[in-house]
Every structure is written in structure tokens, then in C-alpha cells.
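Before any comments, here is the structure.
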Amino acid sequence: MPPTSAFAGFRFPTEVIVVAVRWYLRFNLSYRDVEELLVERGIEVDHVTVYRWVQRFTPLLADAARFSRHSPGGRWHVDETYVKVNGVWRYVYRAIDQDGQVIDVLVSARRDAKAARRLFRRALSTLKVTPSERTSPRPGSTRHPGGPDRPGNSS
């Protein structure tokens, strides 16, 4: 037996569901706006139904779109910042190419070269692509404004 579709059992055709979810995600519309656009095209659907479609099918569409991304460029850059996650400061390292496409992201408890190397190793192993040029921030170039509860500040 062929595998069942994720869209099987729904009242509306797959094309209608995909278009509604795409409009919501791409054009920053409200669920009621998407409902109105569909009604203008002769498809009567409630905004709650659009909400349920978005919740259910967004991960599927994101996975499908991931394969259509272009291959990363030859110049990679590592960017770092810090964010508070559940009340604890963490460092976020992000590898991007010259076109701004995010290659990989790493969250680390420590700010050190070891974490940046780990990010590069993981990106190289998953993509099987070697960049011609790699750039990372100079040590000590990031300042940490704020009070004593932020990393890098001693008061």
C-alpha cells in the first residue's frame, strides 16, 4: 500500500491548504485575512481552520523547503552574541555564508574558541562542503554592556 498523505482526510484539497498556509507565513497576514482571501476566491473556510492548518502543516512545509535552499557560498563568517535562556546567559554562535544564508547555529555555555571550532566541524560534517575562506570575530572584540549579571562583567 502507498504511504498515506499528510493531507489525507481533510475536506479541502491539498492545494487550498498549502496556499492558505503559504499566504499566512509569507505575507504576514492574520488568520482572518487568509479567510477573507479564500472567500474572495469562492472557498468558505473559518479562520480557526486556517489556524489549525498552519499549526499542523508549517513543519512539513519547512522541511520540504529546506532541500530547495541553495548551496552555501565559499566564504563563511562566524557571528556570536549572547542571550538569556531560562534566566541563564548563553552564547549563540552562528555560521553564515557571504549571501547571508545561515549554515549552522550553536548555543554554548562558554565563550571560547573551542565552541567556534565545534560549530565549524559540525557544519563541515553535515554539509560536506569546504569553504575557501573562514572569518571569525577577534577575541575580546565583543563588549558586554550591562550590569554584573551579564557575562564578562565583574562588579
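Values reported hereafter were calculated over all heavy atoms of this structure, with side chains retained and with hydrogens, waters and symmetry mates removed.
Separation of atoms CG (Asp104) and CZ (Arg122) is listed at 4.0 Å; rounding is to 0.5 Å. Atom CZ of Arg52 is separated from atom CD1 of Ile17 by 13.0 Å, given to the nearest 0.5 angstrom. Atom CZ in Phe12 sits 7.0 Å away from atom OG1 in Thr49 (nearest 0.5 Å). Remark: Lys114 NZ to Arg121 CZ distance equals 9.0 Å, nearest 0.5 Å. Expressed to the nearest 0.5 Å, how far CZ of Phe10 lies from OG1 of Thr14 amounts to 9.5 Å. Rounded to the nearest 0.5 Å, atoms CD (Glu35) and OH (Tyr31) are 13.0 Å apart.
Trp89 and Lys84 get closest at one heavy-atom pair: NE1-CE, 3.5 Å. Listed here is the closest heavy atom pair of Tyr93 and Asp112: OH-N, 3.3 Å. What you find for Val18 and Phe7 is that their closest heavy atoms are CG2-CZ, 3.8 Å. Taking all atoms of both residues into account, the shortest heavy-atom contact from Leu60 to Ala6 is CD1-CB, 3.5 Å. Contact detail for Ala95 and Leu119: the closest heavy-atom pair is N-CD2, 3.8 Å. Looking at every heavy atom in both residues, Ile103 comes nearest to Ile96 through CD1-C, 3.8 Å.
One hydrophobic cluster, built from ILVMFWY side chains closer than 4.5 Å, holds both Val50 and Phe27.
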| task | Check step by step if side chain to side chain contact (heavy atoms under 4.5 Å, CB included) holds for Thr58 and Leu25. | result | CA-CA 8 Å; Thr58 295; Leu25 296 173; 3.8 Å; yes
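Ring centroid separation for the pair Tyr24 and Tyr51 does not come in under the 6.0 Å cut-off.
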Extract all donor-acceptor atom pairs below 3.5 Å that involve side chains of residues 39-48 and protein atoms in other chains or at least two apart in sequence.
{"unit_1": "Arg41", "atom_1": "NH1", "unit_2": "Leu37", "atom_2": "O", "d": "2.9"}
{"unit_1": "Asp46", "atom_1": "OD2", "unit_2": "Val48", "atom_2": "N", "d": "3.3"}
{"unit_1": "His47", "atom_1": "NE2", "unit_2": "Arg32", "atom_2": "NH2", "d": "3.4"}

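A heavy-atom distance below 4.5 Å is found between the side chains of Val102 and Arg94.
A salt bridge links Arg111 with Glu80; the closest basic N to acidic carboxylate O contact falls under 4.0 Å.
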